[in-house]
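Reading through the C-alpha coordinates given below for one structure.
Heavy atoms only: backbone and side chains are in, while hydrogens, waters and symmetry mates are out. Residues: numbered from 1 along the sequence shown.
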Amino acid sequence: MSLKSEIYGLLYNGKRLCADCAEAGELLKSLREMEQRLEQPLRVAVVGMMKAGKSTFMNALMGADILYTGNLETTYTVGWFRYGEQPFLTICFRNGETMDAPFEELQKWSVREYEKENPGIHDVKYLIIHYPSEVLKQLEFIDTPGLNSVYGTDAENTLDFLSIKGSEETVYEASAADAVIYAFSKSAAGFDREILQAFHSGGAGASPINSVGILTKVDATGIWDIFSAATPVEAAKPVADTVMQHPDMKNLLFAVFPVCAKVMEGYAKLTARDWEALYSVARTDEDTLADLLFDAEQFAVCGEAEFEKLAPAPRRKRLMGMLGQYGILEIAKLIRSGKKPDEIETILKEACGIQAVRDILLSHFGNRVFLIKSRYIFTHLRALTHQLMHDPESSAGLRNICEEIREEIDGIMSSVQTLKELKILQMYYNGQVEFFSEEEKEDFLCVTGEYGRSAEARLGMKEGCTVRQLARRAREKVDFWHERASGFMLPGAYVEAAATLARSYEQMYLHLSALSEE
(Lines give C-alpha, C1' and ligand atoms only; values in the text may rest on other atoms or scores of the structure.)
Protein backbone atom coordinates (compact mmCIF):
# COMPACT_ATOMS: atom_id res chain seq x y z
CA MET A 1 0.00 0.00 0.00
CA SER A 2 1.29 3.52 -0.79
CA LEU A 3 2.23 6.05 1.86
CA LYS A 4 -0.65 8.26 0.74
CA SER A 5 -3.16 5.46 1.25
CA GLU A 6 -1.68 4.63 4.64
CA ILE A 7 -1.84 8.23 5.87
CA TYR A 8 -5.41 8.77 4.74
CA GLY A 9 -6.28 5.42 6.31
CA LEU A 10 -4.68 6.47 9.60
CA LEU A 11 -6.67 9.70 9.71
CA TYR A 12 -9.91 8.01 8.67
CA ASN A 13 -9.55 5.32 11.32
CA GLY A 14 -8.69 7.92 13.95
CA LYS A 15 -11.78 9.97 13.09
CA ARG A 16 -13.96 6.83 13.21
CA LEU A 17 -12.68 5.98 16.70
CA CYS A 18 -13.09 9.55 17.97
CA ALA A 19 -16.66 9.78 16.70
CA ASP A 20 -17.71 7.25 19.35
CA CYS A 21 -15.94 9.02 22.23
CA ALA A 22 -17.49 12.19 23.67
CA GLU A 23 -14.15 13.30 25.17
CA ALA A 24 -12.19 13.05 21.90
CA GLY A 25 -13.27 16.40 20.49
CA GLU A 26 -9.80 17.97 20.50
CA LEU A 27 -8.23 14.92 18.87
CA LEU A 28 -11.02 14.68 16.28
CA LYS A 29 -10.59 18.34 15.36
CA SER A 30 -6.84 17.85 14.87
CA LEU A 31 -7.36 14.77 12.70
CA ARG A 32 -9.79 16.65 10.44
CA GLU A 33 -7.45 19.62 10.13
CA MET A 34 -4.48 17.37 9.33
CA GLU A 35 -6.49 15.76 6.55
CA GLN A 36 -7.22 19.20 5.09
CA ARG A 37 -3.56 20.15 5.40
CA LEU A 38 -2.51 17.21 3.21
CA GLU A 39 -4.23 18.90 0.24
CA GLN A 40 -2.69 22.33 0.82
CA PRO A 41 0.64 23.66 -0.52
CA LEU A 42 3.78 23.06 1.53
CA ARG A 43 4.31 25.71 4.23
CA VAL A 44 7.82 27.14 4.28
CA ALA A 45 8.89 29.43 7.14
CA VAL A 46 11.63 32.02 6.56
CA VAL A 47 13.43 32.53 9.87
CA GLY A 48 16.65 34.13 11.07
CA MET A 49 18.21 36.87 13.12
CA MET A 50 17.19 40.50 13.09
CA LYS A 51 18.11 42.34 9.88
CA ALA A 52 19.15 39.12 8.15
CA GLY A 53 17.28 40.27 5.03
CA LYS A 54 14.30 37.93 5.36
CA SER A 55 11.65 40.36 4.10
CA THR A 56 13.85 41.51 1.21
CA PHE A 57 14.38 37.87 0.24
CA MET A 58 10.63 37.22 0.40
CA ASN A 59 9.93 40.16 -1.90
CA ALA A 60 12.52 38.88 -4.38
CA LEU A 61 11.23 35.32 -4.22
CA MET A 62 7.68 36.38 -5.01
CA GLY A 63 8.74 38.90 -7.64
CA ALA A 64 6.86 41.74 -5.99
CA ASP A 65 7.34 44.72 -3.70
CA ILE A 66 5.09 43.54 -0.86
CA LEU A 67 6.87 43.58 2.46
CA TYR A 68 8.17 46.78 4.03
CA THR A 69 11.97 46.84 4.40
CA GLY A 70 14.34 49.38 5.86
CA ASN A 71 17.53 50.03 7.81
CA LEU A 72 15.90 49.45 11.20
CA GLU A 73 13.94 46.52 12.58
CA THR A 74 10.66 46.54 10.69
CA THR A 75 8.76 43.24 10.79
CA TYR A 76 6.69 42.98 13.97
CA THR A 77 4.11 40.31 13.19
CA VAL A 78 4.30 36.94 11.48
CA GLY A 79 3.09 37.14 7.87
CA TRP A 80 1.74 34.02 6.19
CA PHE A 81 1.58 34.27 2.38
CA ARG A 82 -1.08 32.30 0.53
CA TYR A 83 -2.16 32.45 -3.10
CA GLY A 84 -5.16 34.66 -3.82
CA GLU A 85 -6.65 35.96 -7.07
CA GLN A 86 -6.86 39.42 -5.45
CA PRO A 87 -4.56 40.83 -2.72
CA PHE A 88 -6.12 41.22 0.74
CA LEU A 89 -5.31 40.56 4.40
CA THR A 90 -6.80 38.31 7.03
CA ILE A 91 -5.79 39.52 10.51
CA CYS A 92 -5.70 36.70 13.09
CA PHE A 93 -5.82 38.00 16.66
CA ARG A 94 -4.53 36.31 19.79
CA ASN A 95 -8.06 35.87 21.14
CA GLY A 96 -8.95 33.67 18.13
CA GLU A 97 -10.96 36.30 16.24
CA THR A 98 -10.19 37.14 12.60
CA MET A 99 -10.84 40.18 10.42
CA ASP A 100 -10.35 40.82 6.71
CA ALA A 101 -8.67 44.09 5.72
CA PRO A 102 -7.54 45.83 2.51
CA PHE A 103 -4.09 44.85 1.26
CA GLU A 104 -3.06 48.51 1.55
CA GLU A 105 -3.16 48.15 5.36
CA LEU A 106 -0.33 45.59 5.43
CA GLN A 107 2.22 48.00 6.90
CA LYS A 108 -0.26 49.24 9.47
CA TRP A 109 -0.61 45.69 10.85
CA SER A 110 2.95 44.39 10.39
CA VAL A 111 5.51 47.19 10.83
CA ARG A 112 6.78 48.27 14.24
CA GLU A 113 6.76 52.00 13.54
CA TYR A 114 2.95 51.90 13.22
CA GLU A 115 2.38 50.69 16.80
CA LYS A 116 1.46 54.17 18.13
CA GLU A 117 -0.95 54.82 15.29
CA ASN A 118 -2.37 51.30 15.54
CA PRO A 119 -2.01 49.86 19.09
CA GLY A 120 -4.10 46.88 17.93
CA ILE A 121 -0.91 45.53 16.32
CA HIS A 122 0.03 44.12 19.74
CA ASP A 123 -3.06 41.90 19.69
CA VAL A 124 -2.20 40.29 16.35
CA LYS A 125 -1.09 36.67 16.34
CA TYR A 126 -0.30 36.56 12.65
CA LEU A 127 -1.43 37.91 9.28
CA ILE A 128 -2.57 35.85 6.31
CA ILE A 129 -1.50 37.75 3.20
CA HIS A 130 -3.40 36.63 0.10
CA TYR A 131 -1.44 37.52 -3.03
CA PRO A 132 -1.48 36.48 -6.75
CA SER A 133 2.14 35.30 -7.02
CA GLU A 134 2.62 32.15 -9.12
CA VAL A 135 5.08 30.59 -6.64
CA LEU A 136 2.35 30.69 -3.96
CA LYS A 137 0.33 28.15 -5.94
CA GLN A 138 2.92 25.55 -5.02
CA LEU A 139 4.42 26.81 -1.76
CA GLU A 140 3.12 29.01 1.04
CA PHE A 141 5.63 31.25 2.83
CA ILE A 142 5.77 32.45 6.40
CA ASP A 143 7.74 35.68 6.97
CA THR A 144 8.85 36.09 10.58
CA PRO A 145 10.23 38.82 12.86
CA GLY A 146 13.92 38.57 13.78
CA LEU A 147 14.65 35.92 16.41
CA ASN A 148 17.06 38.12 18.36
CA SER A 149 15.01 41.29 18.16
CA VAL A 150 15.85 43.95 20.72
CA TYR A 151 12.07 44.07 21.15
CA GLY A 152 11.29 40.85 22.97
CA THR A 153 7.72 40.53 21.70
CA ASP A 154 8.85 40.28 18.05
CA ALA A 155 10.98 37.20 18.71
CA GLU A 156 8.24 35.70 20.88
CA ASN A 157 5.80 36.12 17.97
CA THR A 158 8.09 34.00 15.79
CA LEU A 159 8.93 31.34 18.38
CA ASP A 160 5.30 31.01 19.42
CA PHE A 161 4.05 30.79 15.84
CA LEU A 162 6.54 28.04 15.00
CA SER A 163 5.69 26.17 18.22
CA ILE A 164 9.31 26.29 19.34
CA LYS A 165 8.50 27.06 22.95
CA GLY A 166 5.61 26.26 25.20
CA SER A 167 3.27 29.21 25.24
CA GLU A 168 -0.49 29.21 24.81
CA GLU A 169 -2.00 27.09 22.06
CA THR A 170 -1.90 28.76 18.68
CA VAL A 171 -4.67 28.45 16.13
CA TYR A 172 -3.98 25.13 14.39
CA GLU A 173 -3.54 26.76 11.00
CA ALA A 174 -0.64 28.76 12.43
CA SER A 175 1.22 25.82 13.94
CA ALA A 176 4.71 24.75 12.97
CA ALA A 177 5.75 25.01 9.32
CA ASP A 178 6.40 21.99 7.13
CA ALA A 179 9.80 23.27 6.06
CA VAL A 180 12.19 26.13 6.82
CA ILE A 181 14.51 28.55 5.05
CA TYR A 182 17.05 29.96 7.50
CA ALA A 183 18.58 33.35 6.64
CA PHE A 184 22.17 34.08 7.64
CA SER A 185 23.89 37.40 7.22
CA LYS A 186 27.59 37.02 6.44
CA SER A 187 28.15 33.77 8.39
CA ALA A 188 26.53 31.34 10.81
CA ALA A 189 27.33 32.75 14.24
CA GLY A 190 26.83 30.72 17.41
CA PHE A 191 23.49 32.39 18.05
CA ASP A 192 22.25 31.36 14.63
CA ARG A 193 23.09 27.72 15.33
CA GLU A 194 21.38 27.79 18.73
CA ILE A 195 18.17 29.24 17.26
CA LEU A 196 18.22 26.81 14.35
CA GLN A 197 18.71 23.88 16.72
CA ALA A 198 15.78 25.17 18.79
CA PHE A 199 13.61 25.19 15.69
CA HIS A 200 14.64 21.66 14.82
CA SER A 201 14.05 20.25 18.29
CA GLY A 202 10.82 22.14 18.95
CA GLY A 203 9.18 22.37 15.56
CA ALA A 204 7.96 19.69 13.18
CA GLY A 205 11.05 17.48 13.22
CA ALA A 206 12.98 19.64 10.76
CA SER A 207 16.15 18.22 9.19
CA PRO A 208 18.22 18.59 5.99
CA ILE A 209 15.28 16.91 4.25
CA ASN A 210 13.14 20.02 4.74
CA SER A 211 15.59 22.80 5.70
CA VAL A 212 17.85 25.01 3.59
CA GLY A 213 19.88 28.11 4.39
CA ILE A 214 20.39 31.36 2.50
CA LEU A 215 23.43 33.61 2.88
CA THR A 216 21.96 37.07 2.36
CA LYS A 217 23.31 40.49 1.33
CA VAL A 218 26.32 38.95 -0.42
CA ASP A 219 26.62 42.06 -2.60
CA ALA A 220 26.91 44.39 0.41
CA THR A 221 28.87 42.65 3.20
CA GLY A 222 32.44 42.90 1.96
CA ILE A 223 32.38 39.46 0.33
CA TRP A 224 32.16 40.84 -3.21
CA ASP A 225 34.71 43.10 -4.94
CA ILE A 226 33.19 45.43 -7.53
CA PHE A 227 36.32 45.07 -9.70
CA SER A 228 36.22 41.28 -9.64
CA ALA A 229 34.97 39.26 -12.59
CA ALA A 230 32.95 37.13 -10.17
CA THR A 231 29.34 37.97 -9.31
CA PRO A 232 28.45 38.41 -5.62
CA VAL A 233 26.83 34.95 -5.59
CA GLU A 234 29.97 33.38 -7.10
CA ALA A 235 32.19 35.26 -4.64
CA ALA A 236 30.07 34.09 -1.69
CA LYS A 237 30.02 30.41 -2.68
CA PRO A 238 33.15 29.56 -0.62
CA VAL A 239 31.62 31.30 2.42
CA ALA A 240 28.42 29.28 2.04
CA ASP A 241 30.48 26.10 1.67
CA THR A 242 32.38 26.95 4.86
CA VAL A 243 29.10 27.27 6.77
CA MET A 244 28.14 23.78 5.62
CA GLN A 245 31.46 22.33 6.78
CA HIS A 246 30.43 22.88 10.39
CA PRO A 247 29.13 19.58 11.85
CA ASP A 248 26.05 21.27 13.34
CA MET A 249 25.07 22.74 9.99
CA LYS A 250 25.41 19.41 8.17
CA ASN A 251 22.88 17.94 10.58
CA LEU A 252 20.50 20.89 10.27
CA LEU A 253 20.51 22.11 6.65
CA PHE A 254 20.48 20.53 3.21
CA ALA A 255 22.61 23.34 1.77
CA VAL A 256 23.28 27.09 2.03
CA PHE A 257 22.64 29.27 -1.03
CA PRO A 258 24.15 32.77 -1.46
CA VAL A 259 21.65 35.42 -2.60
CA CYS A 260 21.64 39.15 -3.26
CA ALA A 261 17.91 39.62 -2.97
CA LYS A 262 17.96 43.41 -2.78
CA VAL A 263 18.63 43.63 -6.52
CA MET A 264 15.52 41.61 -7.36
CA GLU A 265 13.41 43.42 -4.78
CA GLY A 266 14.51 46.73 -6.28
CA TYR A 267 13.92 45.49 -9.81
CA ALA A 268 10.22 45.06 -9.02
CA LYS A 269 10.04 48.78 -8.07
CA LEU A 270 11.65 50.23 -11.22
CA THR A 271 9.59 52.91 -12.95
CA ALA A 272 9.82 54.24 -16.50
CA ARG A 273 11.98 57.14 -15.24
CA ASP A 274 14.27 54.67 -13.45
CA TRP A 275 14.74 52.75 -16.71
CA GLU A 276 15.50 56.02 -18.48
CA ALA A 277 18.27 56.67 -15.97
CA LEU A 278 19.61 53.10 -16.27
CA TYR A 279 19.81 53.39 -20.07
CA SER A 280 21.69 56.66 -19.59
CA VAL A 281 24.07 55.01 -17.09
CA ALA A 282 24.63 52.14 -19.54
CA ARG A 283 26.17 54.52 -22.06
CA THR A 284 29.28 54.57 -19.83
CA ASP A 285 31.69 51.68 -20.37
CA GLU A 286 31.87 48.98 -17.68
CA ASP A 287 35.31 49.82 -16.25
CA THR A 288 34.54 53.54 -15.92
CA LEU A 289 31.16 52.78 -14.36
CA ALA A 290 32.79 50.44 -11.82
CA ASP A 291 35.18 53.24 -10.85
CA LEU A 292 32.28 55.67 -10.38
CA LEU A 293 30.27 53.11 -8.39
CA PHE A 294 33.16 52.16 -6.09
CA ASP A 295 32.14 54.78 -3.53
CA ALA A 296 28.41 54.16 -3.23
CA GLU A 297 27.68 57.34 -1.29
CA GLN A 298 29.61 59.51 -3.72
CA PHE A 299 27.81 57.93 -6.67
CA ALA A 300 24.46 58.72 -5.06
CA VAL A 301 25.03 62.39 -4.26
CA CYS A 302 28.04 63.79 -6.16
CA GLY A 303 27.26 66.78 -8.38
CA GLU A 304 30.43 66.65 -10.49
CA ALA A 305 30.06 66.52 -14.27
CA GLU A 306 31.18 62.90 -14.74
CA PHE A 307 28.43 61.80 -12.34
CA GLU A 308 25.78 64.22 -13.58
CA LYS A 309 26.10 62.96 -17.14
CA LEU A 310 25.03 59.51 -15.90
CA ALA A 311 21.81 60.76 -14.33
CA PRO A 312 20.70 63.50 -11.91
CA ALA A 313 21.77 62.91 -8.28
CA PRO A 314 18.23 62.22 -6.96
CA ARG A 315 17.76 59.52 -9.59
CA ARG A 316 21.19 58.00 -8.87
CA LYS A 317 20.41 58.00 -5.16
CA ARG A 318 17.13 56.19 -5.79
CA LEU A 319 18.80 53.58 -8.01
CA MET A 320 21.52 52.99 -5.42
CA GLY A 321 18.91 52.58 -2.70
CA MET A 322 16.95 50.06 -4.72
CA LEU A 323 19.62 48.12 -6.61
CA GLY A 324 22.95 48.70 -4.89
CA GLN A 325 26.28 48.80 -6.71
CA TYR A 326 26.02 45.33 -8.20
CA GLY A 327 22.47 45.79 -9.46
CA ILE A 328 23.30 49.02 -11.30
CA LEU A 329 26.52 47.58 -12.74
CA GLU A 330 24.89 44.33 -13.91
CA ILE A 331 21.76 45.90 -15.39
CA ALA A 332 23.89 48.45 -17.27
CA LYS A 333 26.02 45.60 -18.67
CA LEU A 334 22.92 43.73 -19.83
CA ILE A 335 21.46 46.87 -21.45
CA ARG A 336 24.75 47.33 -23.34
CA SER A 337 24.49 43.74 -24.60
CA GLY A 338 21.06 44.50 -26.10
CA LYS A 339 18.90 42.70 -23.54
CA LYS A 340 15.30 43.84 -22.97
CA PRO A 341 13.82 44.36 -19.47
CA ASP A 342 12.04 40.98 -19.39
CA GLU A 343 15.24 39.22 -20.47
CA ILE A 344 17.19 41.19 -17.88
CA GLU A 345 14.82 40.03 -15.15
CA THR A 346 15.33 36.35 -16.03
CA ILE A 347 19.11 36.73 -16.12
CA LEU A 348 19.16 38.64 -12.81
CA LYS A 349 17.13 35.93 -11.05
CA GLU A 350 19.86 33.46 -11.97
CA ALA A 351 22.77 35.80 -11.22
CA CYS A 352 21.35 36.86 -7.85
CA GLY A 353 20.71 33.28 -6.66
CA ILE A 354 16.92 33.69 -6.44
CA GLN A 355 16.20 31.16 -9.20
CA ALA A 356 18.48 28.60 -7.56
CA VAL A 357 16.53 28.87 -4.31
CA ARG A 358 13.18 28.65 -6.14
CA ASP A 359 14.39 25.56 -7.99
CA ILE A 360 15.60 23.80 -4.84
CA LEU A 361 12.35 24.56 -3.04
CA LEU A 362 10.34 23.02 -5.85
CA SER A 363 12.67 20.03 -6.27
CA HIS A 364 14.19 19.12 -2.90
CA PHE A 365 11.06 20.19 -0.98
CA GLY A 366 8.52 19.84 -3.78
CA ASN A 367 9.44 16.26 -4.68
CA ARG A 368 8.84 15.25 -1.07
CA VAL A 369 5.76 17.28 -0.22
CA PHE A 370 3.65 14.35 0.90
CA LEU A 371 6.55 12.77 2.76
CA ILE A 372 7.29 16.01 4.62
CA LYS A 373 3.63 16.46 5.49
CA SER A 374 3.44 12.85 6.68
CA ARG A 375 6.35 13.42 9.05
CA TYR A 376 4.58 16.50 10.35
CA ILE A 377 1.41 14.48 10.99
CA PHE A 378 3.33 11.71 12.77
CA THR A 379 5.17 14.22 14.96
CA HIS A 380 2.07 16.15 15.99
CA LEU A 381 -0.18 13.15 16.45
CA ARG A 382 2.44 11.53 18.67
CA ALA A 383 2.74 14.71 20.74
CA LEU A 384 -1.03 15.17 21.07
CA THR A 385 -1.78 11.53 21.92
CA HIS A 386 1.09 11.48 24.44
CA GLN A 387 -0.37 14.56 26.12
CA LEU A 388 -3.87 13.06 26.25
CA MET A 389 -2.65 9.68 27.48
CA HIS A 390 -0.86 11.32 30.40
CA ASP A 391 -3.67 13.70 31.27
CA PRO A 392 -5.24 12.41 34.53
CA GLU A 393 -8.63 13.69 33.38
CA SER A 394 -8.61 11.58 30.18
CA SER A 395 -10.96 8.59 30.26
CA ALA A 396 -9.83 5.02 29.65
CA GLY A 397 -11.66 5.11 26.31
CA LEU A 398 -9.73 8.18 25.11
CA ARG A 399 -6.44 6.66 26.25
CA ASN A 400 -7.22 3.50 24.29
CA ILE A 401 -7.93 5.54 21.15
CA CYS A 402 -4.62 7.38 21.57
CA GLU A 403 -2.75 4.11 22.05
CA GLU A 404 -4.33 2.60 18.92
CA ILE A 405 -3.39 5.66 16.85
CA ARG A 406 0.21 5.50 18.10
CA GLU A 407 0.42 1.78 17.29
CA GLU A 408 -0.88 2.44 13.77
CA ILE A 409 1.74 5.16 13.27
CA ASP A 410 4.47 2.74 14.40
CA GLY A 411 3.13 0.12 11.99
CA ILE A 412 3.16 2.53 9.05
CA MET A 413 6.68 3.71 9.83
CA SER A 414 8.01 0.16 9.99
CA SER A 415 6.25 -1.15 6.88
CA VAL A 416 6.04 1.59 4.22
CA GLN A 417 9.10 1.57 1.98
CA THR A 418 9.05 5.34 1.42
CA LEU A 419 9.48 5.89 5.16
CA LYS A 420 12.34 3.40 5.25
CA GLU A 421 13.98 5.46 2.49
CA LEU A 422 13.38 8.55 4.62
CA LYS A 423 15.21 6.93 7.53
CA ILE A 424 18.24 6.22 5.33
CA LEU A 425 18.05 9.73 3.89
CA GLN A 426 18.15 11.16 7.41
CA MET A 427 21.11 8.90 8.31
CA TYR A 428 22.93 10.07 5.19
CA TYR A 429 22.46 13.76 5.99
CA ASN A 430 23.54 13.11 9.60
CA GLY A 431 26.77 11.50 8.38
CA GLN A 432 25.83 8.01 9.59
CA VAL A 433 25.91 6.48 6.09
CA GLU A 434 28.76 6.90 3.63
CA PHE A 435 28.74 5.51 0.11
CA PHE A 436 31.84 4.17 -1.59
CA SER A 437 31.44 5.76 -5.01
CA GLU A 438 29.69 8.57 -6.84
CA GLU A 439 27.57 5.95 -8.64
CA GLU A 440 26.26 4.64 -5.31
CA LYS A 441 25.58 8.14 -4.04
CA GLU A 442 23.75 9.09 -7.26
CA ASP A 443 21.65 5.91 -7.12
CA PHE A 444 20.70 6.77 -3.55
CA LEU A 445 19.69 10.35 -4.33
CA CYS A 446 17.73 9.30 -7.43
CA VAL A 447 15.71 6.50 -5.86
CA THR A 448 14.86 8.55 -2.76
CA GLY A 449 13.31 11.28 -4.93
CA GLU A 450 15.91 14.05 -4.98
CA TYR A 451 15.36 14.57 -8.72
CA GLY A 452 11.65 13.73 -8.83
CA ARG A 453 9.26 10.86 -8.20
CA SER A 454 8.80 9.59 -11.76
CA ALA A 455 10.23 6.18 -12.68
CA GLU A 456 12.75 7.87 -15.00
CA ALA A 457 13.95 10.27 -12.30
CA ARG A 458 14.22 7.53 -9.65
CA LEU A 459 16.20 5.30 -12.02
CA GLY A 460 18.43 8.12 -13.28
CA MET A 461 17.19 7.77 -16.87
CA LYS A 462 16.07 10.28 -19.46
CA GLU A 463 12.41 10.97 -20.18
CA GLY A 464 11.02 8.95 -23.08
CA CYS A 465 12.47 5.54 -22.17
CA THR A 466 10.22 2.54 -22.77
CA VAL A 467 8.73 0.60 -19.85
CA ARG A 468 10.93 -2.40 -20.80
CA GLN A 469 14.07 -0.23 -20.67
CA LEU A 470 13.06 1.08 -17.25
CA ALA A 471 12.33 -2.43 -15.98
CA ARG A 472 15.73 -3.65 -17.22
CA ARG A 473 17.52 -0.81 -15.41
CA ALA A 474 15.55 -1.52 -12.21
CA ARG A 475 16.54 -5.21 -12.42
CA GLU A 476 20.21 -4.24 -12.79
CA LYS A 477 19.95 -2.01 -9.73
CA VAL A 478 18.28 -4.76 -7.69
CA ASP A 479 21.26 -7.06 -8.36
CA PHE A 480 23.75 -4.25 -7.75
CA TRP A 481 22.36 -3.32 -4.33
CA HIS A 482 21.59 -6.88 -3.19
CA GLU A 483 25.26 -7.68 -3.73
CA ARG A 484 26.29 -4.69 -1.60
CA ALA A 485 23.77 -5.53 1.12
CA SER A 486 25.39 -8.95 1.50
CA GLY A 487 28.93 -7.57 1.67
CA PHE A 488 31.20 -8.95 4.40
CA MET A 489 32.60 -6.71 7.17
CA LEU A 490 30.77 -3.61 5.96
CA PRO A 491 29.36 -1.00 8.40
CA GLY A 492 25.89 -1.88 9.66
CA ALA A 493 24.42 1.46 8.56
CA TYR A 494 25.73 0.92 5.02
CA VAL A 495 24.27 -2.60 4.87
CA GLU A 496 20.90 -1.28 6.09
CA ALA A 497 20.97 1.44 3.43
CA ALA A 498 21.94 -1.04 0.70
CA ALA A 499 19.13 -3.43 1.69
CA THR A 500 16.62 -0.56 1.69
CA LEU A 501 17.71 0.58 -1.79
CA ALA A 502 17.61 -2.99 -3.08
CA ARG A 503 14.03 -3.31 -1.85
CA SER A 504 13.06 0.04 -3.43
CA TYR A 505 14.46 -1.05 -6.80
CA GLU A 506 12.77 -4.44 -6.43
CA GLN A 507 9.38 -2.80 -5.94
CA MET A 508 9.98 -0.64 -9.01
CA TYR A 509 11.04 -3.69 -11.04
CA LEU A 510 7.95 -5.67 -10.10
CA HIS A 511 5.67 -2.75 -10.96
CA LEU A 512 7.40 -2.00 -14.29
CA SER A 513 7.50 -5.69 -15.27
CA ALA A 514 3.75 -5.94 -14.71
CA LEU A 515 3.21 -2.87 -16.88
CA SER A 516 5.42 -4.18 -19.69
CA GLU A 517 3.39 -7.42 -19.83
CA GLU A 518 0.05 -5.64 -20.23
Side-chain angles (χ1 to χ4, degrees), residues 1 3-40 42-43 45 78 80 92-98 125-126 142 156 158-180 198-207 210 370-416 419 422-423 426:
M1 189 177 289
L3 176 60
K4 192 168 188 175
S5 298
E6 293 279 8
I7 296 298
Y8 276 108
L10 167 71
L11 297 175
Y12 175 82
N13 188 47
K15 290 188 299 180
R16 179 181 59 79
L17 293 169
C18 290
D20 296 327
C21 178
E23 296 177 310
E26 179 186 0
L27 180 55
L28 180 60
K29 180 184 176 185
S30 291
L31 290 165
R32 286 172 174 162
E33 288 167 336
M34 287 179 190
E35 190 172 49
Q36 292 173 1
R37 184 161 177 163
L38 285 173
E39 304 302 327
Q40 296 170 346
L42 196 74
R43 300 174 185 174
V78 172
W80 181 4
C92 301
F93 295 97
R94 295 182 183 278
N95 62 7
E97 295 179 0
T98 62
K125 189 68 178 179
Y126 62 100
I142 300 164
E156 286 181 16
T158 294
L159 296 171
D160 185 34
F161 183 91
L162 297 173
S163 303
I164 290 176
K165 63 176 189 173
S167 59
E168 72 275 9
E169 283 284 324
T170 61
V171 178
Y172 178 81
E173 289 294 341
S175 58
D178 297 311
V180 62
F199 179 91
H200 282 56
S201 62
S207 73
N210 64 346
F370 201 87
L371 189 58
I372 291 171
K373 287 178 177 290
S374 300
R375 293 176 73 240
Y376 171 89
I377 286 172
F378 290 155
T379 300
H380 284 264
L381 271 184
R382 281 181 175 279
L384 181 54
T385 52
H386 176 82
Q387 176 188 330
L388 293 172
M389 287 173 70
H390 291 81
D391 184 344
E393 296 185 6
S394 293
S395 67
L398 180 56
R399 289 196 184 97
N400 288 337
I401 292 171
C402 291
E403 187 173 349
E404 186 166 338
I405 288 173
R406 291 173 71 86
E407 286 177 358
E408 191 168 350
I409 289 172
D410 290 341
I412 294 172
M413 294 188 73
S414 64
S415 64
V416 177
L419 293 173
L422 175 64
K423 178 184 175 183
Q426 186 67 65

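Panel note: side chain Arg406, backbone Arg382; a donor-acceptor pair is recorded below 3.5 Å. When atom types are taken as modelled, the side chain of Lys4 and the backbone of Phe370 share no donor-acceptor pair closer than 3.5 angstrom. For Arg399 (side chain) and Asp391 (main-chain N/O), a donor-acceptor pair under 3.5 Å exists by modelled atom type. Under the 3.5 Å distance criterion, the side-chain polar atoms of Arg43 are left unmatched by any main-chain donor or acceptor of Ile142. Side-chain atoms of Lys423 never come within 3.5 Å of backbone atoms of Met413 as a donor-acceptor pair (strictly under, hydrogens ignored). Side-chain atoms of His390 come within 3.5 Å of backbone N or O of His386 as a donor-acceptor pair.
Here CD of Glu26 is found 10.5 Å from SG of Cys18. Values are rounded to the nearest 0.5 Å. Atom CG of Asp20 is separated from atom CD1 of Ile401 by 7.5 Å, given to the nearest 0.5 angstrom. Annotation: the span from Leu419 atom CG to Leu3 atom CG amounts to 5.0 Å, rounded to 0.5 Å. Rounding to the nearest 0.5 angstrom, the gap separating the CD1 atom in Ile405 from the CZ atom in Phe378 is 12.0 Å. Once rounded to the nearest 0.5 Å, the distance linking NE2 of His380 with CD of Glu33 reads 12.0 Å. To the nearest 0.5 Å, atoms CE (Met389) and CG (Asn400) are separated by 8.5 Å.
Residue Glu404 comes nearest to Asn13 through the heavy atom pair OE2-ND2, 3.7 Å, listed as atom of the first residue, atom of the second, then distance. Residues Glu408 and Leu10 approach most closely at OE2-CA, 3.4 Å, considering heavy atoms. The nearest pair of heavy atoms linking Leu27 to Cys402 is CD2-SG, 4.2 Å.
None of Leu384, Ile7, Leu381 except one satisfies the side chain to side chain contact (heavy atoms under 4.5 Å, CB included) rule with Met34; the exception is Leu381.
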Let me see the working for Ile377 and Leu38 under side chain to side chain contact (heavy atoms under 4.5 Å, CB included), right down to the final yes or no.
CA-CA 9 Å; Ile377 286 172; Leu38 285 173; 3.5 Å; yes

Go through the steps to decide whether Arg375 and Asn210 satisfy the test side chain to side chain contact (heavy atoms under 4.5 Å, CB included), and finish with yes or no.
CA-CA 10 Å; Arg375 293 176 73 240; Asn210 64 346; 4.1 Å; yes

Step by step, work out the side chain to side chain contact (heavy atoms under 4.5 Å, CB included) result for Thr385 and Leu388.
CA-CA 5 Å; Thr385 52; Leu388 293 172; 5.5 Å; no

